[in-house]
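The structure under discussion appears below in the form of structure tokens.
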Amino acid sequence: MFCVVWAFPVYWMFDTAFKPYGRILSATPGFLPIPPSLGNFTDAVHKPLFGTYLRNSLIVTGSVVLLSLAVAFLAATALTRFRFLGRRGFLVGVLMVQMVPQPALLIPLFLSLRSAHLLNTLIGLTLTYVAFVLPFTIWTLRGFLHGVPIELEEAAMVDGAGRLTIMRSILLPLVAPGVIATSVFAFITAWNDYVYAYVMMKDQDKYTLPVWLVSFSTSTGTDYGGLIAASSLFALPVIVFFMIIQRRLVEGMTSGAVKE
């Protein structure tokens with residue numbers, strides 16, 4: 001029953017996207033789009049700058065996932081395999097940063113990007129999202145790396161393997177489920193954000209898809225058919241991404257439950 005309740009809004013979104021505009025506004029709801037219509041999707045994808053917004057979202061989201069995982073993996077490895085002054089303080093700091101609400105950082109990040117001449121650039125937006133997801137990814141990957149016996153690395157060192165070889169050939173394959181699990185968080189954070197994409201960007205050709213969704217609501221009214229179809233297209237990559245990595249994600253959630 002819970003699955004039905006959770007899945008119904010998603011079904012209703014896709015169902016409404018295939019309905020003609022007149023049936024969407026009908027007082028009598030219809031649970032099947034008979035006959036189905038692609039008119040709403042056609043109107044959505046033919047909206048100005050749709051291809052540009054899609055390209056920007058793919059570039060920013062892909063860069064955030066790759067960059068955050070690379071940095072988090074190196075940081076988590078250092079935190080679990082090395083003992084240095086301030087290590088526990090750094091971990092507490094990472095956890096505290098994760099607790100800070102994102103809207104509270106809007107003005108400081110805006111001023112920082114403006115000082116660095118990165119305002120209104122995809123690079124600046126990417127670095128902003130990386131800053132948001134790094135605390136979570138570092139903390140999570142640290143838990144996975146704690147489950148890898150250090151004896152494996154010591155045996156590899158005896159055989160002459162260097163630190164980079166150990167990280168690439170031993171640690172990374174063993175914590176792959178954790179990497180995939182954390183990549184979901186990075187992907188969703190970068191893909192769904194609207195506020196920072198709207199505030200940090202000045203030119204329309206730098207906007208991402210969440211800003212494109214808002215364009216269906218104007219002062220003259222809301223194009224509900226186009227908005228629902230656009231929302232379906234916007235949610236589709238997340239659903240596909242989750243379905244591809246679902247099995248590895250479950251493995252990561254269970255194997256990452258390590259208590260230090």
Heavy-atom side-chain proximity of Leu109 to Met200 below 4.5 angstrom: yes
Does Leu233 share a hydrophobic cluster with Val240, counting links as ILVMFWY side-chain heavy atoms below 4.5 Å and allowing steps through other members? yes
Which atoms form the tightest heavy-atom contact between Met167 and Leu74, and what is the distance? CE-CD2, 3.1 Å
Sub-3.5 Å donor-acceptor pair from the side chain of Ser37 to the main-chain atoms of Gly39, do we have one? yes
Nearest 0.5 Å, please: how far is CZ in Arg55 from CZ in Phe50? 12.5 Å
What's the separation between atom OG1 in Thr121 and atom NZ in Lys202, rounded to the nearest 0.5 Å? 11.5 Å
Are any side-chain N or O atoms of Asp43 and backbone N or O atoms of Lys47, one a donor and one an acceptor, separated by less than 3.5 Å? no
Minimum side-chain heavy-atom gap Leu174-Leu152 below 4.5 Å: yes
Would you check if the side chain of Gln98 reaches a backbone N or O of Phe136 as a donor-acceptor pair within less than 3.5 Å? yes
Stepwise, does the side chain to side chain contact (heavy atoms under 4.5 Å, CB included) test hold for Val158 with Glu154? CA-CA 6 Å; Val158 171; Glu154 294 173 347; 5.6 Å; no
Atom OH of Tyr224 with >12 non-hydrogen neighbours under 6.0 angstrom: no
Would a 4.5 Å heavy-atom cut-off, applied to side chains only, mark Gln102 and Val195 as touching? no
Criterion ring-ring contact (aromatic ring centres under 6.0 Å, His included) on Phe18 and Phe41, from CA distance to verdict: CA-CA 8 Å; Phe18 285 98; Phe41 292 97; 4.9 Å; yes
Geometric class of the Phe132/Tyr196 ring pair [parallel <30°, tilted 30-60°, perpendicular >60°]: perpendicular
Distance in Å, Arg142 CZ paired with Thr77 OG1, rounded so as to fall on 0.5 Å steps: 12.0 Å
Quick check against the 3.5 Å criterion: does Thr189 have a side-chain atom that pairs as donor or acceptor with the backbone of Ala186? no
Apply side chain to side chain contact (heavy atoms under 4.5 Å, CB included) to the pair Val179 and Leu141, showing each step before the final yes or no. CA-CA 7 Å; Val179 172; Leu141 287 179; 4.0 Å; yes
So, taking the atom named OG1 in Thr165 and the one named CG in Leu171, what distance separates them when rounded to the nearest 0.5 Å? 11.5 Å
Taking the side chain as C-beta and beyond, is there a heavy-atom pair between Leu118 and Leu127 under 4.5 Å? yes
Does one hydrophobic cluster hold both Ile138 and Val97, with members joined at side-chain heavy-atom distances below 4.5 Å? no
Interatomic distance, Leu49 atom CG to Leu54 atom CG [nearest 0.5 angstrom]: 12.0 Å
Could you tell me whether a side-chain N or O of Asn120 sits under 3.5 Å from a main-chain N or O of Met201, the two making a donor and an acceptor? no
Do Val71 and Leu134 have side chains that get closer than 4.5 Å, going by heavy atoms? yes
When the aromatic ring centroids of Phe234 and Trp191 are compared, is their separation below 6.0 Å? yes
Can you find a heavy atom in the side chain of Val199 that is under 4.5 Å from one in the side chain of Phe110? yes
Could you check whether any side-chain N or O of Asn56 sits under 3.5 Å from a backbone N or O of Tyr207, counting only pairs where one atom can act as donor and the other as acceptor? yes
Kindly say whether Thr137 contributes a backbone atom to a donor-acceptor pair with the side chain of Thr140 at under 3.5 angstrom? no
Of all heavy-atom pairs linking Leu172 and Arg168, the shortest is CB-O, 3.9 Å
Might you point out which heavy atoms bring Leu79 and Arg87 nearest each other, and give the distance in Å? O-NH1, 2.9 Å
For the residue pair Ser57 and Leu209, what are the closest heavy atoms and their distance? OG-N, 2.8 Å
Counting C-beta onward and ignoring hydrogens, is there a side-chain heavy-atom pair between Pro210 and Asp193 closer than 4.5 Å? no
Carefully, step by step, assess Met1 and Val5 under the rule side chain to side chain contact (heavy atoms under 4.5 Å, CB included). CA-CA 6 Å; Met1 291 183 64; Val5 172; 5.6 Å; no
Given 3.5 Å as the limit, does a donor-acceptor pair link the side chain of Asp223 with the main chain of Gly226, or not? yes
For Ala156, the side-chain contact (heavy atoms from CB on, under 4.5 Å) test, sequence neighbours excluded, returns Ala161, Ile166, Ile170
Which distance, rounded to the nearest 0.5 Å, do you find between the CE of Met157 and the CZ of Arg163? 3.5 Å
